[in-house]
**Student:** 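Mind having a look at this structure? Questions to follow.
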Amino acid sequence: MAEIEREAMDYDVVIVGAGPAGLSAAIRLKQLDADLNVVVLEKGSEVGAHILSGAVLDTSGLDRLMPDWKEKGAPIKTEVKEDNFYMLGAEGSIRIPNFAMPPLMNNHGKYIVSMANVTRWMAEQAEAMGVEIFPGMACSELVYGENGEVVGVVAGEFGKEADGSMGPNYEPGMELRGKYVFLSEGVRGSLSKEVMAKYNLSKGQCSQKFGLGMKEIWEIDPAKHREGTVTHTMGWPLGSNAGGGSFIYHIENNQVYVGFVVHLNYANPYLFPYMEFQRFKHHPMVAELLKGGKRVAYGARAISEGGWQSIPQTAFPGGCLLGCSAGLVNVPRIKGNHNAMHSGIEAAEAAHAAIKAGRGGDTLTEYDVALKSGPVGKDLKRVRNVKPLWSKYGLLTSLAVGGFDMWTNNLFGLSLLGTLRHGKSDAAATEEASKHKPIDYPKPDGKLSFDRLTNVSFSMTNHEESQPCHLKLKDPSIPISVNLPIFAEPAQRYCPAGVYEVIEEEGKDPRFVINFQNCVHCKTCDIKDPSQNINWTTPQGGDGPNYPNM
Ligand SMILES: Cc1cc2nc3c(=O)[nH]c(=O)nc-3n(C[C@H](O)[C@H](O)[C@H](O)COP(=O)(O)OP(=O)(O)OC[C@H]3O[C@@H](n4cnc5c(N)ncnc54)[C@H](O)[C@@H]3O)c2cc1C
Ligand code: SF4
C-alpha cells in the first residue's frame with residue numbers, strides 16, 4: 001500500500017485523552033505559560049462521552065490545580081454525609097463500624113460527582129485558557145522520530161472500509177507533533193500499551209492488575225433518596241469465586257449511582273461478571289432501595305488495581321504516561337481521579353521546565369521521580385499490600401491483615417509486611433474449564449435486572465458499521481481452536497456488552513462472532529483473554545458510548 005501522506009501540525013505538548021489526567025496537564029501547562037501551544041485529543045464524540053467513574057472525588061488534586069474550583073462553578077456539589085460499609089450474605093448484611101475502618105478509607109468531606117460532568121467543566125476551563133481540544137479524534141498511531149523517540153500521534157483517520165481499504169470518503173487524518181506527547185488514555189490505553197512494550201517500561205515491576213467496573217444510574221423514589229450517602233459492600237454474591245464489591249452513591253436529583261467491580265484475576269472461566277452485578281441488585285437491601293425506580297444509564301470500564309508495585313517507568317523518549325495509563329488507582333479507597341489530576345500537574349511542570357530549557361523529545365525522568373516521590377507515590381505506597389493479600393488469602397483474611405497493615409501505615413508510616421508482589425497476570429489467572437463447574441445465574445427480571453443488550457442500549461453506544469472491526473484477533477482461529485475447548489471461551493461472559501458470541505448450530509462448526517458495534521470501550525477483552533489474542537484498537541473517532549453523567 002502506498003505511504004499515506006498527512007498534514008502535520010506542531011505543538012509544544014500533545015495530550016491524548018480528555019480525562020482528569022490529560023485535562024489537568026493541559027490546564028497546568030497554560031497556568032505556567034500562557035504562550036505554550038497545547039492540544040488535547042479525545043476519541044469520544046464530546047468530552048465526557050467516554051468517562052465512567054464511581055465517583056467519590058478526593059479533591060486534593062483539584063485543590064492543587066484550581067483552588068478556586070468552587071467559585072468557578074465546578075459541578076462538585078454533593079458532599080458525603082454518611083459513609084457505610086457492609087459485608088453481605090445472601091439475605092442479610094453486617095455493617096462494619098466506621099471506627100474500625102482505616103482512616104484513609106473515610107469518605108467524609110469528599111464529594112459524590114459525575115466525572116463525565118467534571119471533565120466537561122474542566123475542558124471549558126482549559127479552552128478558556130487557550131488549550132485546543134478536539135473531541136471525536138481517536139489517536140490511532142504513534143509517530144516516531146529518527147532516534148526512536150515519540151514525536152507525535154496520528155488522529156482523525158476516517159472512512160476505511162470493513163476490509164481496511166480506503167473508502168470513497170477516506171480521510172487520512174493528521175499528524176499532531178509535540179516536543180512532548182502525554183498519554184492520558186486511562187486504563188489499558190492502546191498507545192500506552194504500545195510504548196510500554198517498545199521501551200520495556202514495566203521491567204522489574206509486577207504485572208498490572210485490573211478489575212471490571214459496571215455502573216448503572218437509577219432514578220429512585222425520593223422518599224428513599226438520601227443525598228450524600230455512600231455505601232460500599234463486599235461478600236455476596238461473589239463469595240469465594242472472585243474479589244470485588246459494590247458501590248451505591250446518592251447524588252443529587254434523586255439519582256443513585258449503583259456500581260459493581262469484579263477483580264479480573266478470577267480463576268473460574270464460567271464466572272459471568274455482568275450477571276454477578278445483576279444478581280447483586282436482588283439482595284434485599286439493594287432491591288428495597290431500587291424498587292419502583294428506573295435505570296436510566298448503563299456503562300462499564302476496567303479499573304487498574306496493581307497500585308504501587310505495578311507502576312511502570314512513566315517517562316519514555318518523547319513523552320509520559322499519566323493517570324490510569326500508568327495505573328494510579330488506590331484500590332482500597334477505589335479512587336484514582338485525584339491521582340490522575342496530580343499526575344497531570346507533575347507532568348506539566350516537568351515538561352514546562354524542560355521546554356523552557358530548550359529541551360524536547362527526550363525522557364522526562366524528573367516527572368517519574370516527582371510522581372513516585374510526591375502525593376501519588378505516598379498515597380499508593382501505604383496501601384500497597386491490600387491487593388496482593390486479597391488475591392492470595394481471600395476477602396476475610398485480607399480485610400483483617402490488610403486493615404492492620406493500613407492502620408500501621410496510617411499511624412507509623414510503615415508496613416510490617418514490606419512490599420508483597422502480585423501473582424500472575426489476570427489473563428494467566430484464568431484456569432481450565434475442566435477444573436470448574438458452570439455457574440447457574442437467575443434470569444434478569446426486567447425490573448431490577450436486565451439482559452446485556454437491553455442495558456447496552458442505555459449506554460447510547462454507536463459504531464459506524466462499515467469500518468474495520470477495532471477488536472483485532474492476532475490469530476482468528478484461537479477462540480474456537482483453543483479458548484473454546486480449554487476455557488469454554490470466557491469472552492462470551494467477561495464482556496459486559498455482549499460483543500463476543502460463540503454460535504453453535506447443529507451440523508456446523510462453531511463460529512466466533514464479534515459484534516463490535518456494541519463495544520463500550522471497557523478494555524476487559526484486551527486484559528482477560530487467556531490467550532492474549534485480542535488487541536483493542538481505536539475505532540473511528542466519535543464512535544463508542546455516549547455517556548451522559550457517568
Ligand atoms: C467503576 C469505576 C468506579 C470508580 N470509582 C472511582 C471513585 O469513586 N473515585 C475515584 O477517584 N476514582 C474512581 N475510579 C477510578 C477513576 O475513574 C480513574 O482513576 C480515572 O478515570 C483515571 O483518569 P484518567 O484521566 O487517567 O483516564 P480516563 O478518565 O479513563 O480518561 C481517559 C480519556 O482518554 C480517552 N482516550 C483513550 N484512548 C484514546 C485515544 N487513543 N485517542 C483519543 N482519546 C483516547 C478516553 O476516551 C477518555 O475520555 C473508578 C473507576 C471505575 C471504572
Ligand atoms: S469488546 Fe472488549 S472493550 Fe468492548 S465492551 Fe467488550 S470487553 Fe469491553
Side-chain angles (χ1 to χ4, degrees), residues 15-25 40-44 46-58 61 107 110-113 115-116 118-119 134-142 153 155 183-192 210-215 230 232 247 249 257 259-261 299-304 321-330 333-341 343-344 452 456 459 461 470-471 491 494-500 514-516 518-529 534 536-539 541 544-545 547 550:
I15 301 177
V16 179
L23 290 168
S24 298
V40 180
L41 303 155
E42 167 56 49
K43 68 179 163 61
E46 52 151 350
V47 172
H50 289 185
I51 297 290
L52 185 148
S53 192
V56 172
L57 181 67
D58 166 348
N107 287 305
K110 315 283 181 294
Y111 288 84
I112 303 174
V113 297
M115 279 311 292
V118 172
T119 52
F134 297 123
M137 294 282 270
C139 301
S140 48
E141 284 175 48
L142 289 162
V153 295
L183 298 179
S184 44
E185 302 176 283
V187 64
R188 198 67 163 197
S190 43
L191 302 182
S192 311
F210 301 90
L212 166 60
M214 294 153 284
K215 175 175 167 185
V230 160
H232 291 108
F247 59 87
Y249 302 153
Y257 293 162
F260 200 79
V261 177
R301 184 88 169 96
I303 180 166
S304 61
L321 297 168
L322 276 61
C324 275
S325 290
L328 304 182
V329 170
N330 179 318
R333 297 180 71 202
I334 343 174
K335 287 183 186 60
N337 289 306
H338 62 304
N339 284 340
M341 293 181 188
S343 76
R452 269 185 300 191
V456 170
S459 66
T461 295
H470 66 280
L471 303 153
Y494 62 60
C495 171
V499 166
Y500 301 103
I514 306 180
N515 305 300
F516 75 86
N518 290 346
C519 173
V520 295
H521 297 197
C522 76
K523 314 281 176 81
T524 300
C525 48
D526 194 295
I527 296 162
K528 185 62 179 168
D529 176 37
I534 302 177
W536 191 97
T537 64
T538 47
Y547 293 138
M550 282 286 183

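Just so you know, these numbers use all the heavy atoms, side chains as well, and skip hydrogens, waters and symmetry mates. FYI, the numbering just counts along the sequence from 1. Both counts, for ligands and for their atoms, begin at 1 and track the order of listing. Keep in mind the model is a prediction, meaning the values are calculated, not measured.
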**Student:** May I ask whether Leu57 places a heavy atom under 4.0 Å from ligand 1?
**Tutor:**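 No.
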**Student:** Within a radius below 2.8 Å of atom 4 (Fe) of ligand 2, how many protein N, O or S atoms are present?
**Tutor:** 1
**Student:** State the atoms of ligand 1, each with its element, that fall below the 4.0 Å cut-off from a heavy-atom position in Val56.
**Tutor:**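 Atoms satisfying the 4.0 Å criterion: 7 (C), 8 (O), 9 (N), 10 (C), 11 (O).
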**Student:** Does ligand 1 have any atom sitting under 4.0 Å from a heavy atom of Lys215?
**Tutor:**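 It does not, in that no heavy atom of Lys215 comes within the 4.0 Å cut-off of ligand 1.
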**Student:** Please lay out, stage by stage, how Leu191 and Thr538 fare under the test side chain to side chain contact (heavy atoms under 4.5 Å, CB included).
**Tutor:** CA-CA 9 Å; Leu191 302 182; Thr538 47; over 6 Å; no
**Student:** Considering only heavy atoms, does Thr119 approach ligand 1 within less than 4.0 Å through its side chain, its backbone, both, or neither?
**Tutor:** neither
**Student:** Using the salt bridge (Lys or Arg N to Asp or Glu O under 4.0 Å) criterion, which residues pair with Arg333? Sequence neighbours excluded.
**Tutor:**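 Counting only residues at least two positions away or on another chain, Arg333 forms a salt bridge (Lys or Arg N to Asp or Glu O under 4.0 Å) with Asp58, Asp379.
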**Student:** Could you check Tyr111 against Val56 for side chain to side chain contact (heavy atoms under 4.5 Å, CB included), going step by step and ending with a plain yes or no?
**Tutor:** CA-CA 5 Å; Tyr111 288 84; Val56 172; over 6 Å; no
**Student:** Give a yes/no on ligand 1: does Gly189 have at least one heavy atom closer than 4.0 angstrom to it?
**Tutor:**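 Gly189: no contact with ligand 1 (<4.0 Å).
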**Student:** Testing the basics here: between Leu57 and Lys110, what is the closest heavy-atom pair and its distance to 0.1 Å?
**Tutor:**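 Here Leu57 and Lys110 meet closest at O-CB, 3.4 Å.
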**Student:** Heavy atoms only, cut-off 4.0 Å: how does Ser53 contact ligand 1, side chain, backbone, both, or neither?
**Tutor:**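 Near ligand 1, Ser53 shows its backbone as well as its side chain.
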**Student:** Can you name the residues that form a salt bridge (Lys or Arg N to Asp or Glu O under 4.0 Å) with Asp526, not counting sequence neighbours?
**Tutor:** Arg188, Lys193
**Student:** Just need the protein heavy atom nearest to atom 34 (O) of ligand 1, so name the residue and atom and give the distance.
**Tutor:** Gly17 CA, 3.1 Å
**Student:** Start with the C-alpha distance between Tyr494 and Asp529, add both sets of side-chain angles, then the distance that settles side chain to side chain contact (heavy atoms under 4.5 Å, CB included), and finish with yes or no.
**Tutor:** CA-CA 9 Å; Tyr494 62 60; Asp529 176 37; 3.6 Å; yes
**Student:** Which atoms of ligand 1 have any heavy atom of Cys324 under 4.0 Å away?
**Tutor:**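 Taking each heavy atom of Cys324 in turn, ligand 1 has 18 (C), 19 (O), 22 (C), 26 (O) under 4.0 Å.
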**Student:** Just need the protein heavy atom nearest to atom 30 (O) of ligand 1, so name the residue and atom and give the distance.
**Tutor:** Arg301 NH2, 3.1 Å
**Student:** Show me which atoms of ligand 1 lie under 4.0 Å from any heavy atom of His50.
**Tutor:**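 Those of ligand 1 that fall under 4.0 Å from His50 are 47 (O).
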**Student:** Any chance you could lay out the side chain to side chain contact (heavy atoms under 4.5 Å, CB included) test for Thr537 and Ser190, step after step, and finish with the verdict?
**Tutor:** CA-CA 6 Å; Thr537 64; Ser190 43; 5.6 Å; no
**Student:** When you compare the side chain of Ile514 with that of Val499, does any pair of heavy atoms fall below 4.5 Å?
**Tutor:** yes
**Student:** If we only consider heavy atoms of Ser184, is any one of them less than 4.0 Å away from an atom in ligand 1?
**Tutor:** yes
**Student:** Taking 4.0 angstrom as the limit and counting only heavy atoms of Gly19, give me the atoms of ligand 1 inside it, by number and element.
**Tutor:** 25 (O), 31 (O), 33 (C)
**Student:** Testing the basics here: between Glu46 and Pro135, what is the closest heavy-atom pair and its distance to 0.1 Å?
**Tutor:**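 Taking Glu46 first and Pro135 second, the nearest heavy atoms are CA-CB, 3.7 Å.
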**Student:** Looking only at non-hydrogen atoms, find the nearest pair between Ser459 and Tyr547 and report the distance.
**Tutor:**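 Here Ser459 and Tyr547 meet closest at CB-CE2, 3.9 Å.
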**Student:** Compute the minimum heavy-atom distance from Arg333 to ligand 1 and say whether it is under 4.0 Å.
**Tutor:**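 Checking ligand 1 against Arg333, which is what was asked, there is no heavy-atom contact under 4.0 Å.
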**Student:** Can you name the closest pair of heavy atoms from Ala55 and Lys215 and give their distance?
**Tutor:** N-NZ, 4.4 Å
**Student:** Using a 4.0 Å heavy-atom cut-off, which part of Ile51 comes near ligand 1: side chain, backbone, both, or neither?
**Tutor:** side chain
**Student:** Under 4.0 Å from any heavy atom of Tyr500, which atoms of ligand 2 are there?
**Tutor:** 1 (S)
**Student:** Show the atoms of ligand 1 that are less than 4.0 angstrom away from any heavy atom in Gly323.
**Tutor:**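 Answer, ordered by atom number: 26 (O).
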**Student:** Does Ala302 approach ligand 1 within less than 4.0 angstrom via side chain, backbone, both or neither, non-hydrogen atoms only?
**Tutor:**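 For Ala302, the contact with ligand 1 is made by the backbone alone.
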**Student:** What residues form a ring-ring contact (aromatic ring centres under 6.0 Å, His included) with His232, not counting sequence neighbours?
**Tutor:** Tyr249
**Student:** Taking only heavy atoms of Val329 into account, list the atoms of ligand 1 that are under 4.0 Å away from them.
**Tutor:**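 Those atoms are 19 (O).
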